[in-house]
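Quick caveat, the model's predicted, so the values are computed rather than measured.
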Amino acid sequence: MIVVAGEALIDLVPSPQTALPPSPDGGSPTTGGPLPALLPQRGGGPYNTAVALGRLGSPAAFCSRISTDAFGEALLAGLRAGGVDTSLVQRGSEPTTLAVADISPDGSAGYGFYADGTADRLFVLPPALPAAVRALSLGTCSLVLEPGASVYESLLRREAGRGVFTALDPNIRPGLIPDPDAYRARFCSWLPDVALLKLSEEDALWLAGSGEGPGGAVGGGRDTVLAVAKEWLAAGPAAIVLTHGGDGLTVLTPGGGELTVPGERVTVVDTIGAGDTVNAALLHRLDAHDALSRTAVAALGTEDWHDILRFAARAAAVTCSRAGAEPPFAAEVAA
């Protein structure tokens, strides 16, 4: 079984059917008319990863704290519909976190969060995970927002210490991080306990300090990403997978191993949930190669990684081809 731990929330996504009306002079759309309708969709990086695993056919469980409000009930129903075990889900009367999405013309998404006093932030450390658990995946807001962040960190360290294969996707949301340098230091402290680190090129640049503000002296670009990823690799992960949007994925392994596969060409509706789908697809395919351990990952060859990355690229492309975080089912990505 693969356990995914972290937040479950509701994305409020602008409806494409409610575009702003044109201006009276025929120019750019006016901002004085009705606002686009916001459609509630189940979301949260870890939540999407768990659902994607279930749809792909992996035995998966979700470990989080979910509200007892109507949105929380809808989130639980989505997990069950995806075949995800919910026995590790905690409940609370606090409201569900909301994320308001802003979709750019290229389909990429930005988010504004309403997370004060919400249920998922009050997660408490569960007892040792079941013996059947082979992997633990974490990431996104749950490792930022306290008091839950420290608890999820404790879960990561505890399970890594008892030999569980751990995967991390930081999935950076800069607006939620009040002290970037402190978060960067905390991220580096996790690396000895992480077996598989997956992150986007943009997140890697942010973590390298390539943006403005404290620690912002590093230049950006693909070379910077690869250089800093190799430094992180030396700190503990058995493999690092970098995503490059439509340009594909790269895996780095100790000893200088490096392989890049191209992305799958698709008409992009939006990119919501694409990175989460990659997380699930990597874990699912690693499991198919019987490689949910550091030793097994070290033994993977170029052909193995090519298969794993191509599978992840296909899965992400399906998610990008439809609105919202709607990961593929196994039949949609069969080779």
Side-chain angles (χ1 to χ4, degrees), residues 2 4-16 38-58 60 62 64 66 71 74-79 81-84 96-104 106-113 120 137-143 167-173 176 198-203 241 243-246 248-249 263-264 266-285 311-330 332-333:
I2 299 171
V4 186
E7 76 277 0
L9 52 78
I10 293 294
D11 289 325
L12 298 176
V13 183
S15 169
L38 295 176
L39 304 178
Q41 297 180 346
R42 302 172 181 91
Y47 180 91
N48 296 337
T49 298
V51 171
L53 279 165
R55 289 187 177 187
L56 291 173
S58 284
F62 191 55
S64 182
I66 293 180
F71 282 146
L75 288 163
L76 271 182
L79 290 167
V84 178
T96 297
T97 297
L98 303 178
V100 180
D102 178 20
I103 309 300
S104 299
D106 65 357
S108 60
Y111 298 91
F113 291 90
D120 53 302
S137 173
L138 302 102
T140 317
C141 310
S142 53
L143 284 167
L168 172 66
D169 175 13
N171 201 9
I172 299 299
R173 304 293 187 230
L176 291 177
K198 173 265 172 185
L199 70 171
S200 69
E201 189 170 318
E202 294 80 7
D203 286 351
V241 173
T243 62
H244 313 295
L249 305 92
E264 294 276 331
V266 67
T267 300
V268 175
V269 175
D270 64 50
T271 62
I272 297 174
D276 311 323
T277 298
V278 170
N279 296 339
L282 291 171
L283 289 168
H284 176 80
R285 207 61 166 185
F311 182 81
R314 290 199 303 275
V318 173
T319 300
C320 290
S321 71
R322 47 207 190 197
E326 289 294 340
F329 292 88
E332 296 178 279
V333 288

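- The minimum heavy-atom distance linking L176 with C141 is given by the pair CD1-SG, 3.6 Å.
- Taking each heavy atom of L168 and G139 in turn, the nearest pair found is CD1-CA, 4.1 Å.
- When each of L79, D276, L75 is paired with V51, the side-chain contact (heavy atoms from CB on, under 4.5 Å) condition holds for L79 and for no other.
- Heavy atoms only, all atoms of each residue included: S321 and V266 are closest at CB-CG2, 3.5 Å.
- Between the CD1 atom in I172 and the CD atom in E202 there is a gap of 11.5 Å [rounded to 0.5 Å].
- Between F62 and Y47, the two ring planes are perpendicular [angle over 60°; tilted spans 30° to 60°].
- Just one residue in the list D169, V241, T243 forms a side-chain contact (heavy atoms from CB on, under 4.5 Å) with N279, and that residue is D169.
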Show the numbers, then the answer: is there a side chain to side chain contact (heavy atoms under 4.5 Å, CB included) between D120 and L9? CA-CA 8 Å; D120 53 302; L9 52 78; 5.9 Å; no

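- Taking both residues in full, the closest heavy atoms of L282 and K198 are given as CD1-CG, 4.0 Å, listed atom of the first, atom of the second, then distance.
- With sequence neighbours excluded, no residue satisfies ring-ring contact (aromatic ring centres under 6.0 Å, His included) with F71.
- Looking only at side-chain heavy atoms (C-beta outward), P46 and L138 stay at 4.5 Å or farther from each other.
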Quick one, S58 with L283, criterion side chain to side chain contact (heavy atoms under 4.5 Å, CB included). Give me CA distance, side-chain angles, the key distance, then yes/no. CA-CA 9 Å; S58 284; L283 289 168; over 6 Å; no

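- Between the side chain of R42 and the backbone N or O of A74, at least one donor-acceptor pair lies under 3.5 Å.
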Between T277 and N48, is a side chain to side chain contact (heavy atoms under 4.5 Å, CB included) present by the stated rule, with each step listed? CA-CA 7 Å; T277 298; N48 296 337; over 6 Å; no

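- Under the 3.5 Å distance criterion, the side-chain polar atoms of E7 are matched with a main-chain donor or acceptor of S142.
- Under a 3.5 Å cut-off, the side chain of D11 and the backbone N or O of Q41 do not form any donor-acceptor pair.
- When all heavy atoms are compared, the tightest approach of G54 to A60 is N-CB, 4.4 Å.
- Nearest heavy-atom pair, T140 versus G45, reported as atom, atom and distance to 0.1 Å: OG1-CA, 3.9 Å.
- The salt bridge (Lys or Arg N to Asp or Glu O under 4.0 Å) pairs that include a residue from residues 316-328 are R55-E326, R322-E332, where partners are two or more places apart or lie in different chains.
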